[in-house]
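Letters A, B, ... mirror the listed sequences (proteins, then strands); counts begin at 1. Heavy atoms only: backbone and side chains are in, while hydrogens, waters and symmetry mates are out.
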Amino acid sequence: MTKTRGIYIHIPFCTGKCFYCDFYSVRATPEVMKEYVAALILETRAAFGRVSEAVTDTVYFGGGTPSLMSPEDIAAILSAVSDGAPYAPEEITLECNPDPNTDFSAYRDAGVNRISMGVQSLNDGVLVSAGRRHTASDALKAVSKACEAFENVSVDLMLGLPGQSVSDVVSDVRTLAPSVKHFSAYMLKLEKGTKLYRFVSDKTVLLPSDDETADMYDACMGEMEKNGIYRYEISNFARDGYASKHNLKYWMRDEYLGLGAAAHGFQDGYRYHNPSSVSRYVSGENFGAGRTVNEYVSLADAKEEAIMLALRTDKGLDTDRFDAEFDADFFSDYRDEIAALASLTERDGSFFRIKRDKMLFESFVAREFMK
Amino acid sequence: MNSRQSSIRNFCIVAHIDHGKSTLADRLMEFTEQVSKRDMKEQLLDSMDIERERGITIKLTPVRMFYHYKGEEYTLNLIDTPGHVDFTYEVSRSLAACEGAILIVDATQGIEAQTLTNAYLAIDNNLEIIPVINKIDLPSADPEGCKKEIEDIIGLPADDAPLISAKEGINIEAVLNAVIEKLPPPSGDESKPLRALIFDSTYDNYKGAICLVRIVDGSVKPGTGITMMSTGKSFECTEVGVFTPEMRPVDELKAGDVGYIAASIKNVKDTAVGDTVTSTASPAPEPLKGYKKISPMVFAGIYPADGSKYNDLRDALDKLSLNDASLVYEPEASGALGFGFRCGFLGLLHMEIIEERLEREFDLDLVTTAPSVSYIVNKTNGERLEVENPSHLPPPTEIESIEEPIVKAEIYTPPEYVGSIMELCQEKRGTFIDLTYLDQSRVKIYYTIPLAEIIYDFFDSLKSRTRGYASLEYAPEGYRADSLVKLDFLLNGETCDALSLIVHKDKAYARGRSICERLKDVIPRQMFEIPVQAAIGSKIIARETVKALRKDVLAKCYGGDITRKKKLLEKQKEGKKRMRQFGSVAIPSEAFMSILKFDDKD
């Protein structure tokens, strides 16, 4: 069987910083973006020369705000990707901010076949307090326009934003579900160094409690199910056949090449990331898989990863695959851990998974398997 | 007395905290060129980091200086002493090694609580006292008022007391001259058998346990066989020396000298403070009058945060006790905290300092239980028990009565705070004894108060109610029976022994409630609901609930950043390890300290 590979391309540009975001992003001039595309194309070529052979079957433009790049730029990058290695694309995703002026069909013509739209919420008050730079009406227009050009549209929602309520979340899902094939719903994680962190620390902003956020999650999942959209991973929900192939690679520990400043990759047993600096990246000196951090994942770590990642999915860990890959006997090797987790986990044939209603204890379960 | 002895002066400096003791010691050394100005660190004798940071002296430190006066060379041995009430015992030890004391009075503050205590200590030890008035450079200095206070309150002539500024180096010479003129040289007989008083001990990795001594009679040099008179254990002296303030070997120590003796002594317990060192070959018939062993006032359990570090903690306590004879400890086991030690301290500051030293110097993470006092329990069967750990209290049915230690508290304050201080003392179950006006601006209030009330937050409350103006001094005043009960805390239905307290019956409800509330806040939510209850015997008096955890999950792996996710999980796992597993409940170390924090409502 030929090996397949995903490609993640990081576009670290934003027009502003959302209050909760601690990811690397910068504001950039058209000139810098142009240089960035050129550097990406160079890195793509260089990267293919370094890694083992595999067929590229998914490409994911993540950000930042990849939709700040022109369709021409996206086409140019994709052509470098398709030239560099055997190319049989099944899923090519572009993350977008909700902007009704986006020319979605041009991106479709550039080769993109899936849109992931960062809607986050359809409550304008919530959007403002999260530092988003669009309105609910922008989002609805953008989603509907994207749906005209794309069959496969996903929407990102956030849970636990300041001022958000359970009914907000339910109504957001109810409004959007008929148009989309996929949702990602992320519970807010307050990160140090963000504006939101400061607001919360000095008490100018009050976050929903953990319990309220858990209620939002339950309500959100319930509403999606009513609309035929089912969870396949803690934060990801899809209609049948629309689970993100690219994202699944993360949970399955399949290989993915990370390209661009601050991109992460997993290749030939190594996890690496690129420098979080556009200027160093475009200077050409320091970009490229593994010039910054490149760590070989030891056998013990690989096993931990395999368990912790697979348990995020509803299907759970394929223990046959685990046993074959690591020459192990999962159910006997982890007898004690499994016993300790009896109330949270279950076995289904050769699969080991977190019980459906216990998924929010994923970290608790994962820690049990860590040394 | 020979001429060698007549040129020696052994003295210490006593003062209220902050009146400039360490600064004057620095100036004296500088003036006698023991330490050149450029090598001068602030407060040279305070060698511990904690001492410098907090600006206090904890350990006593001796130093030898030379000074020329009227054509003669004099040897001056200065023993620096701690100023805080917790360390009165250490002060009394250094006094026993001296013939005289410099009593510093701050010209802006006048006589304070510790000035008096230390002055009386010195007088009790038959020391000659030289009053010195410091900080005369400050605009608010009132040297004449100070002199009057010294004469009126202490009863010492203060007319020719040197007026100095240790900080500015003003009139330091006058102090040295007074030391030589007014203090007697040491008596004692070089030809008699050796008698050396151990006033402190310290530990050196190469030399072993070292005795800091005042040679009273006879002499000692390397090769002398020495015997500790209390234990009869003998050693061969390997080195004698003086403090400059670093240890510097000399050929011989003779009667009147202050210095150290090293004799490859392995165990610091063999260098008991207060013991007399004599010569093995010709032992003295009688030991010197030692000090009575001080008993600790405050007790707390100290446990390693990581249970596997028990041995490290034991080693650290062994080492600390080498040069802190007042620290007592014995192993104890707690259902909640595992194996650790019940430690006795001179007071709360002492406890804080020991904790800090254990954590800093030995890199330990500790869990400390709420401080307690030592209770006397009269059982129904006539037995009398001493209980230092509240969880060791017998069942209520076997208790006839409980007695608690009482202290006589002297509070010095400007008159405007008298009302609020008396109110505080009443709240703290104090009994009014007396109130006297020392002068127009100072009042002395006497109360007897249970020690247990003092060690909670009395001092902080006093300071906050008097804007820092009042000072507190206390001394043990025996035991008194009161309606005391044991307050237990149950987590998930099980009594957590490390949280138990002994409190007055009337305060039990309020305290139980407030501690339950606090525990609810510090105990992290777990997979199940945890009831937190306060109980007296089998009667539950307060309850709170730590609700079950709803989620324990990490957000998505943005762009496939698995490493970051793994690190987060590892950090969480590390955090869990630092919690104490009590039955099925994980308790963070802060929980044990949280019951210490009382607010004024209690």
Checklist line | All side chain to side chain donor-acceptor pair (under 3.5 Å) counterparts of B:Gln533, not counting sequence neighbours | finding: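 B:Gln533 satisfies side chain to side chain donor-acceptor pair (under 3.5 Å) with no other residue.
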Check: Are any of the side-chain nitrogens in B:Lys567 or A:Glu295 under 4.0 Å away from the carboxylate oxygens of its partner?
Finding: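 Result for this pair is no, no salt bridge flagged.
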Check: Quick one: CE on A:Met370 to CD on B:Glu574, what's the gap to the nearest 0.5 Å?
Finding: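 Those atoms lie 10.0 Å apart.
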Note to self: Nearest 0.5 Å, please: how far is CZ in A:Phe364 from CD in B:Gln526?
What the structure shows: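 CZ of A:Phe364 is found 8.5 Å from CD of B:Gln526.
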Checklist line | From CA spacing to verdict: side-chain contact (heavy atoms from CB on, under 4.5 Å), A:His273, B:Thr563 | finding: CA-CA 10 Å; A:His273 66 83; B:Thr563 319; 5.9 Å; no
Atom [atom1] of [X]: over 12 foreign heavy atoms under 6.0 Å:
X: B:Phe362; atom1: CZ; value: yes
X: B:Asp363; atom1: CG; value: no
X: A:Phe369; atom1: CZ; value: yes
X: B:Lys309; atom1: NZ; value: no
X: B:Phe528; atom1: CZ; value: yes

Item checked: A:Ala366: partners by side chain to side chain contact (heavy atoms under 4.5 Å, CB included), with sequence neighbours left out ->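 Listed in chain order: A:Met308, A:Glu362, B:Leu569.
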Notebook entry, point to check: So which of B:Lys573, B:Glu570, B:Arg525 has the largest heavy-atom pair count under 4.5 angstrom toward chain A?
Noted result: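 When all of B:Lys573, B:Glu570, B:Arg525 are compared, B:Lys573 has the most.
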Checklist line | Qualifying residues under ring-ring contact (aromatic ring centres under 6.0 Å, His included), relative to B:Phe339, sequence neighbours excluded | finding: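 Here no residue qualifies.
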Check: Which residue out of A:Arg253, A:Glu304, A:Lys189 racks up the most heavy-atom pairs below 4.5 Å with chain B?
Finding: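 The option with the most such pairs is A:Lys189.
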Next item on the list: Could you list which of residues 543-553 of chain B have a heavy atom closer than 4.5 Å to any heavy atom of chain A, in residue-number order?
Entry: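 Against chain A, the residues of residues 543-553 of chain B that fall inside the cut-off (heavy atoms, under 4.5 Å) are B:Lys547, B:Leu549, B:Arg550, B:Lys551, B:Asp552, B:Val553.
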Checklist line | Portion of A:Asp215 that has a non-hydrogen atom of chain B nearer than 4.5 angstrom | finding: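 Interface part for A:Asp215: both.
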Notebook entry, point to check: Side chain, backbone, both or neither: which part of A:Glu212 has a heavy atom under 4.5 Å from chain B?
Noted result: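 It is neither, since no heavy atom gets under 4.5 Å.
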